[in-house]
Each structure stands twice: as structure tokens, then as C-alpha cells.
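Notes follow the structure.
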Amino acid sequence: MSLEALNKQVKKDLSYLSFGGSSWVRPLQHPEGHVFDVVIIGGGQSGLAAAFGLMRDRVTNILVLDENPEGFEGPWETYARMVTLRTPKHLTSIDLGIPSLTFRSWWEAQFGEKSWEAIDKIPRGDWMNYLRWYREVLRLPVRNEVKLNLLEPVEAGIYKLHLNNPETSTLLARKVILATGIQGGGEWHVPKIISEKLPAHLYAHTSKKINFPSLKGKKIAILGGGASAFDNAHFALSEGVAEAHVFVRRNEMQRINPIRQMEGSGLIERFQTLSDENKYKVMSHFFGHSQPPTNDTFERASSRPGFQLHLGSPWLDVEAASDEVVVTTPQGKFSFDFLIISTGLVTDPALRPELKLVEKHIARWSDRYNAPIDIANPLIDSHPYLSPGFALQSRDEIGKKRLYGLFAYNYSALISCGILASALSGMRFGIPKLVSAVADQLFLDNREEILDEYFNYQEQEFIADLTAIES
């Protein structure tokens, strides 16, 4: 099958499902202009899948906004530096159960069935190409290079979105989905020991653009023991860095990836049925097992000349010395030309500038659950407390109206909803729950009108003439 033939198959499959039918949502009029039923912030894999899910549910007055240029949404062609995805290739995700929309179908249409059997994991660049195709073949309504600066609740049931786009400075929406990925619920974390002691040109977080050509032949240090640290070590060495030292605070490498257990146990798709107590316990355990590198990633990095691994080596101090950085660990002092920080992120709605008008109302886990002292974790407590459908909840009465219609389908949903919004393994379960919750709100918003039309419905369907058979 060719890609052209697959495109035709997708359209045929969707036609069997009556995809593209007219919307059932009643339009809302406003003196300031058009009101979108749903605006999705983020045009990466989550935002695209949410848009497709809504359109399949006949919610069509929607728009997806992304701050990046077209084709560069998400991390895959920006700061992601792994060779392949970490998720097993056989797990489906944003196809939402349509076989012709799966990555496998897209791959085999171009490279054949034998090629699919031959690959171990999905190459990163090919995943981005698949997302580009997915957006195109489904004709999803995405606007690029538009950033949300501020979310303003202007009246009951309507948000005004303040944008950085000179052509359209504001938009109106009834529902807003924050499909903003890994950093969308807070910010990337750089320890203060680094950010407060070093000039910015001597370090960078893994989420930032890094000028690797300028580091050719130099010696760098990477802080962190998770998968991203080793992705960056391999990438740096392949770009000509002379030495890449990975520093891990643990005395032993993390070897267990709890996601692999979750994928077959029902814990991903049924996580939301757990009590708050059990959710907290599960995620406390999850936080204690940072995702290790895949075996192939570690082998690629460690097999390169210049790779060095330092276990039991937390950074106790850093100091700029001329054009170098001196790092102090329990194992001694080391000098480097540049530091790469792979210390993850911190989730807290207060860190998001677009939420500054509403974040004080957003309920956190610390507002709803007091964890036992032996597992209490402030990183967990700062996460927003969401409904099973990813809706933000209010910590006060005033906030209930201001937050109604706001959904967080990003990493900030981790504690409330598990990995349904933060891993490809969970998206095929998470997107339907999100779509159902958004559509339910839209339905209930118009329930009086809908019910009134139902009770007053008088169109006759049975039109047979009975006079001819009357005796």
C-alpha cells in the first residue's frame, strides 16, 4: 500500500463512522464576535488527538493553537534528543481505535510489513512525520505561531484568550483545553545551586536549545539519572563533544520502569477509579522511580569514547572559574566547559503566566488530601486536583464559575488521572475521557433548550395513509 492509498483508506474508514457530520452543539452568540465551542492550546500529539476526538463526537466549532511553526509542534524536532521513542512500538495511541490511522499503518504504507517487523522502537523523526501526516489527513483546524499569553474569564461560560498574534489579539471560547505537554503545568527545574551561582552561558536545561557545534571537542557534565540524561549524553558525543560525564545521585542506576507494569495491569486505564489515598501512594512510588534509559540508549551512549558515569555523585557545589565550571561531589571536584541539566520539571499552576487570573482558585492536591508523613511529597501536593475528565477544580466558591470550562490535558494531570495525559501509553484511554467530559459540559450548558426542543418535537415520521384500510 502507498501513502496515497492509505489516505484514501482513512477517509473511507471515517466515512463508515459518519465522521464529519454536522455539529449538535448550539452556537453561542456574543457581541464581541465568534465564540468557539472549544479552543485547544497546543498542537502536539495531545492537542491533535483531542481535536480529532471532538470532531468525531460532532463538536466541530473548535480551534487548535500552537506557538511553534507548522511541523515543529511538541518536543520531537526541538529539544527531544533520543534516537527512538521509549514506548513499545505496538502500543496504539492517537489513532483512537481507527486501524488506518495507526503509526503502524503509516509506516507499512511507505516501508512495508517486513520493515515494521524489523524495527525495535519508533524513530523519533518518523514519529514527528507521522504527526504531520495525521494533522493533514484529518484536516485538523490548527493555527501556528500563536501563543496564549493570558486566559481571562469574562463572564459565565466564556473565556477571552489574549494572544501574541498581531492579526488576532483575542479569541472567545466556551471551553479551553490546555494540551501543553510536559512543561505545560509548571516549568522546567534548574536547581538554585546552579541558577543562582552560574552565568547563563555555562549551562542549559535539556529542554532548551543547545549549541552543540560550539561544544565540539569540549568536556561537559550532565546532571540527572533519568532517560533524558543519557539521551543528551549520546547526542552530545555524536555531535563531537570530547567527554560527556553523567552524574547520578543514587549509588545504583535505576533499573525498574513502572510504566511497563502499568501497561498490562489495568492501572493506566482504571487509575481514576482509585481513592485519593491510593492515587497518592501510586504516584509517590512512581516519583521514586524516575524513568531509566532504555537499554539501547544506554548502550549507545556508554559505548562512545568520552562517556563517563558517576554514581553516588550529587552536586554539592558549583563554581565558575574563568570559562570553566568546577563541580563538587562526594567523589571529588571536576572541571567542565559546560553543564547540561536534566532535572525534570516542577508542576504548579502558579508558575504558568497564562493562568495568573485564575490560579489562586485552582485546587491543589494539598487542598484535598493530607498524605501520611512517610510518603508526603511537596512536588505531588502542588499538582492541580482534577476531575476524572481533566477539569480543573476550585478551592473556593468564587472560583467555580471562573474555572468552569477549563481542562488540563497535560503533565499536571499526573496525580489525579495517572499517565493518561503524560505518556503515549495512556492517550488511547485518556482522550475519550477528556472528549466525553468536554462534550458533557457543552450538552448541559444547553440542556434547557435541548430538552425544550425534545418535548415540543412534532415532526411526523410515520406518514402511511390509513384511510384505505379503515373498515
Side-chain angles (χ1 to χ4, degrees), residues 1-20 43-53 55-56 70-77 80-140 227 231 234-235 238 257 259-266 268-269 291 293-300 303 419-420 423-432:
M1 178 184 285
S2 66
L3 196 58
E4 181 181 357
L6 178 62
N7 292 344
K8 292 180 180 178
Q9 185 64 48
V10 169
K11 293 178 181 178
K12 185 175 183 180
D13 291 345
L14 292 178
S15 71
Y16 288 167
L17 301 174
S18 299
F19 179 77
Q45 57 197 26
S46 295
L48 296 179
F52 172 49
M55 292 171 67
R56 194 170 70 169
E70 182 174 348
F72 292 87
E73 303 85 0
W76 310 112
E77 295 287 1
R81 300 183 180 101
M82 71 280 282
V83 175
T84 66
L85 274 60
R86 302 178 188 121
T87 308
K89 69 176 183 180
H90 65 274
L91 294 180
T92 57
S93 56
I94 62 174
D95 54 88
L96 302 186
I98 311 298
S100 57
L101 273 178
T102 61
F103 179 87
R104 179 175 179 175
S105 290
W106 177 84
W107 179 275
E108 290 185 353
Q110 299 168 95
F111 310 116
E113 293 183 15
K114 291 183 179 179
S115 176
W116 172 256
E117 297 300 328
I119 64 170
D120 178 45
K121 295 184 179 69
I122 296 174
R124 171 173 55 87
D126 288 301
W127 180 253
M128 186 67 236
N129 287 332
Y130 165 70
L131 295 178
R132 292 165 178 151
W133 169 81
Y134 180 96
R135 167 181 171 174
E136 181 180 359
V137 75
L138 292 174
R139 298 182 179 180
L140 300 177
D231 291 333
H234 170 260
F235 189 90
S238 67
N257 184 352
I259 294 179
R260 297 290 86 87
Q261 191 280 335
M262 297 169 77
E263 286 166 348
S265 68
I268 294 179
E269 56 267 44
Q291 190 174 18
T294 59
N295 292 312
D296 54 325
T297 294
F298 182 80
E299 290 170 4
R300 276 192 291 264
S303 64
I419 64 171
L420 294 181
L424 283 174
S425 308
M427 290 187 65
R428 65 190 174 114
F429 307 112
I431 291 294

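As the structure is a prediction and not an experimental result, all values here were calculated from the model.
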Q.
Using a 6.0 Å cut-off, check whether atom CD of Gln110 has over 12 heavy atoms from anything other than its own residue.
A.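 Atom CD in Gln110 is crowded, with more than 12 foreign heavy atoms closer than 6.0 Å.
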N/O donor-acceptor pair under 3.5 Å between [X] side chain and [Y] backbone:
{"X": "Arg428", "Y": "Leu420", "result": "no"}
{"X": "Ser105", "Y": "Pro99", "result": "yes"}
{"X": "Tyr134", "Y": "Ile94", "result": "yes"}

Contacts of [X] that satisfy salt bridge (Lys or Arg N to Asp or Glu O under 4.0 Å) - sequence neighbours left out:
{"X": "Glu269", "answer": "none"}
{"X": "Arg132", "answer": "none"}
{"X": "Glu4", "answer": "none"}

Q: For residues Phe103 and Trp127, establish whether the separation of their ring centroids is below 6.0 Å.
A: yes
Q: For the pair Leu424 and Leu91, evaluate side chain to side chain contact (heavy atoms under 4.5 Å, CB included) and give the outcome as yes or no after the intermediate values.
A: CA-CA 8 Å; Leu424 283 174; Leu91 294 180; over 6 Å; no
Q. Can you name the side chain to side chain donor-acceptor pair (under 3.5 Å) partners of Arg124, sequence neighbours left out?
A.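 Counting only residues at least two positions away or on another chain, Arg124 forms no side chain to side chain donor-acceptor pair (under 3.5 Å).
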**Q.** With Ser115 via side chain to side chain donor-acceptor pair (under 3.5 Å) - residues at least two apart
**A.**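 With neighbours one apart ignored, the set is Trp107.
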Could you measure the distance from the [atom1] atom of [X] to the [atom2] atom of [Y]? Nearest 0.5 Å is fine.
{"X": "Glu299", "Y": "Asp296", "atom1": "CD", "atom2": "CG", "value": "7.0 Å"}
{"X": "Lys12", "Y": "Asn7", "atom1": "NZ", "atom2": "CG", "value": "14.5 Å"}
{"X": "Met128", "Y": "Tyr130", "atom1": "CE", "atom2": "OH", "value": "12.0 Å"}
{"X": "Met427", "Y": "Leu48", "atom1": "CE", "atom2": "CG", "value": "8.5 Å"}

Q: Among residues two or more places apart or on two chains, list those pairs meeting side chain to side chain donor-acceptor pair (under 3.5 Å) that have a residue in residues 92-101.
A: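 For residues 92-101: Asp13-Ser100.
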Q: Give the intermediate values and the outcome of side chain to side chain contact (heavy atoms under 4.5 Å, CB included) for residues Leu140 and Met55.
A: CA-CA 9 Å; Leu140 300 177; Met55 292 171 67; 3.7 Å; yes
Answer yes or no: is there an ion pair linking [X] with [Y], defined by an N-O contact shorter than 4.0 Å?
{"X": "Glu108", "Y": "Lys114", "answer": "no"}
{"X": "Asp231", "Y": "Arg86", "answer": "yes"}
{"X": "Lys89", "Y": "Asp120", "answer": "no"}

Q: Mind telling me whether Trp133 and Trp106 have parallel, tilted or perpendicular rings, with 30° and 60° as the class edges?
A: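 Tilted, since the angle between the ring planes falls between 30° and 60°.
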Q) Can the positive tip of Arg56 be found less than 6.0 Å from the middle of the six-membered ring of Phe52, inside 45° of the ring normal? A) yes
Q.
Walk me through whether Thr297 and His234 qualify under side chain to side chain contact (heavy atoms under 4.5 Å, CB included).
A. CA-CA 8 Å; Thr297 294; His234 170 260; 5.5 Å; no
4.5 Å side-chain heavy-atom contact, [X] and [Y]:
{"X": "Pro88", "Y": "Glu263", "result": "yes"}
{"X": "Ser425", "Y": "Ile259", "result": "yes"}
{"X": "Val137", "Y": "Leu101", "result": "yes"}
{"X": "Lys121", "Y": "Leu85", "result": "no"}
{"X": "Lys11", "Y": "Leu14", "result": "no"}
{"X": "Arg104", "Y": "His90", "result": "no"}

Q.
Determine whether Leu17 and Ile98 satisfy the following criterion, side chain to side chain contact (heavy atoms under 4.5 Å, CB included), listing intermediate values before the conclusion.
A. CA-CA 10 Å; Leu17 301 174; Ile98 311 298; 3.3 Å; yes
